[in-house]
Amino acid sequence: MSVPASPLHAPVLAWYDRCARDLPWRAPDRTPWGVLVSEAMLQQTPVARVLPVWREWAARWPTPAALAAEAPGEAVRAWGRLGYPRRALRLHAAAVAVVERHGGEVPAAYDDLRALPGVGAYTAAAVASFAFSGRHAVVDTNVRRVQARAVTGAEHPAPAQTAAELRVAEALVPDDAGQAARWAVAVMELGALVCTARAPRCADCPVRALCAWQLAGRPAYDGPPRRGQAYAGTDRQVRGLLLGVLREAEGPVPRAALDAVWPRDPLQRARALDGLVADGLVEPLEGGAYALPGAPRR
DNA sequence: AATTCGTGGTT
DNA sequence: TAACCAAGAAT
């Protein structure tokens, strides 16, 4: 029997039991691989856009071995418009690594997960917690925001994660591993549904009475300015346009078809294409055509 | 440690 | 409408 270490635990856990979304990667029949796929897709991409793609992947590649047997370009193609397509490449590489290093089973240990391509501190902790009920501090943008408000009393967390934040998160992890896993998913869900960045639904918050930000009178954010993400006209936009052509094409695409999507700046276009090739997202073929990456040669 | 890396919905 | 924001990772 574990004693709650924080008054936040009970209300947040009760709220989660009542209000949690019914997401397929939380279903009883989920697999660790399905959890890992969901976490990769959810890095910087909203749940609503991940759902249909995740279902497609779950049906097509139900195991790491199934994905590992495909050409990496198929993962990039099936990634669709989720954004940051390097994630698709890394997830494919992670599947290969799981087959080679772990006999095709997604590992449960944090360090083994963290060593997989595309798996950073957050994702390793999330998979270890959600798929294996491991005891870890799972700190994403939602958790950072909930902590900033409920614990620290600030409207927004600092632009980058601090050591102090991690200490707060670790101090909040319940002693019992099963409870820790429930807490991890619950506090994250609270940040996603109630303690949102722009217009928090404080009237629906289970810890409103305990929230340091509420008790301080909801002071406005006074930290360093948070930079936005420019997109129009950037290399990222050009890369997206180029890769979009290759994704939609059945086979190799002539150079001219790529040139057509960004005619106004050949220099930038070349830089973007070179970058895609350097990242392994695009393969130059003999004869001047381009394609999504095929099976690695050995 | 600061940048780079997509895409689209919301306000 | 332009800005903001979304379960980050790698370098």
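Everything numeric in this text was worked out from a predicted model, so none of it was measured. Excluded from the calculations below are hydrogen atoms, water molecules and symmetry mates; all remaining heavy atoms, backbone and side chain alike, are included. Quick note on labels: first sequence line is chain A, next is B, and so on, each numbered from 1.
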Do the side chain of A:Arg135 and the main chain of A:Asp175 share a donor and acceptor less than 3.5 angstrom apart?
->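 Yes, because the side chain of A:Arg135 sits within donor-acceptor range (under 3.5 Å) of the backbone of A:Asp175.
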Roughly how many Å is it from [atom1] in [X] to [atom2] in [N], rounded to a whole number?
X	N	atom1	atom2	result
A:Asp279	B:dG6	CG	C1'	13 Å
A:Leu91	C:dA7	CG	P	19 Å
A:Tyr231	B:dT10	OH	C1'	18 Å
A:Arg236	B:dG6	CZ	P	7 Å
A:Trp79	B:dT7	CH2	P	12 Å
A:Arg144	C:dC5	CZ	C1'	14 Å
A:Asp274	B:dC5	CG	C1'	16 Å
A:Gln161	C:dG8	CD	P	11 Å

Any base atoms under 4.0 Å from [X], or only sugar-phosphate, or nothing? Heavy atoms, all strands.
X	answer
A:Leu243	nothing
A:Ala126	nothing
A:Arg86	base
A:Leu23	base
A:Gly83	base
A:Thr196	nothing
A:Arg21	base

Where along residues 245-260 of chain A does a heavy atom come under 4.0 Å from DNA chain B, residue by residue in number order?
-> A:Arg247
Strand contacts (DNA chain B) in residues 24-61 of chain A, 4.0 angstrom heavy-atom criterion = A:Gln44, A:Thr45, A:Arg49
Assign each of A:Val119 and A:Asn142 to its nearest nucleotide of DNA chain C by heavy atoms, then name whichever residue's nucleotide is nearer the 5' end.
-> A:Asn142
Out of C:dA9, B:dC5, B:dG8, whichever nucleotide has its closest atom nearest the side chain of A:Tyr122 |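 Shortest atom-to-atom distance from the side chain points to C:dA9.
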Is it the case that more than 12 heavy atoms not belonging to A:Arg21 sit under 6.0 Å from its CZ atom?
->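 Yes, CZ of A:Arg21 has more than 12 neighbouring heavy atoms, counting only those of other groups under 6.0 Å.
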Answer yes when [X] and [Y] have at least one side-chain N-carboxylate O distance shorter than 4.0 Å, and no when they do not.
X	Y	answer
A:Asp112	A:Arg101	no
A:Arg167	A:Glu170	no
A:Arg77	A:Glu70	no

Would you indicate, yes or no, if [N] has its OP1 or OP2 atom less than 4.0 angstrom from a side-chain nitrogen or oxygen of [X]?
X	N	value
A:Tyr84	B:dT7	no
A:Arg114	C:dA10	yes
A:Arg239	B:dG6	yes
A:Thr141	C:dC5	no

Would you please say whether a donor-acceptor pair under 3.5 Å links the side chains of A:Ser38 and A:Arg30?
-> no
Indicate whether any N or O donor in one side chain lies under 3.5 Å from an N or O acceptor in the other, for A:Tyr122 and A:Gln43.
-> no
Under-3.5 Å N/O pairs linking protein and nucleotides 1-4 of chain C:
unit_1	atom_1	unit_2	atom_2	d
C:dC4	O2	A:Arg198	NH2	3.0

Show the numbers, then the answer: is there a salt bridge (charged side-chain N to carboxylate O under 4.0 Å, His left out) between A:Asp259 and A:Arg255?
-> CA-CA 6 Å; A:Asp259 293 348; A:Arg255 177 65 180 261; 3.2 Å; yes
Tell me whether [Y] is reachable from [X] by hopping between hydrophobic residues (I, L, V, M, F, W, Y) whose side-chain heavy atoms are closer than 4.5 Å.
X	Y	result
A:Val53	A:Val37	yes
A:Leu285	A:Val282	no
A:Val151	A:Trp183	yes
A:Val35	A:Leu113	yes

Identify which one of A:Trp54, A:Trp57, A:Tyr84 satisfies the ring-ring contact (aromatic ring centres under 6.0 Å, His included) criterion when paired with A:Trp79.
-> A:Trp57
Please state the C1' separation for the pair B:dG6 and C:dC4 - nearest whole angstrom.
-> 16 Å
Rounded P spacing from B:dT11 to C:dA7 in Å = 14 Å
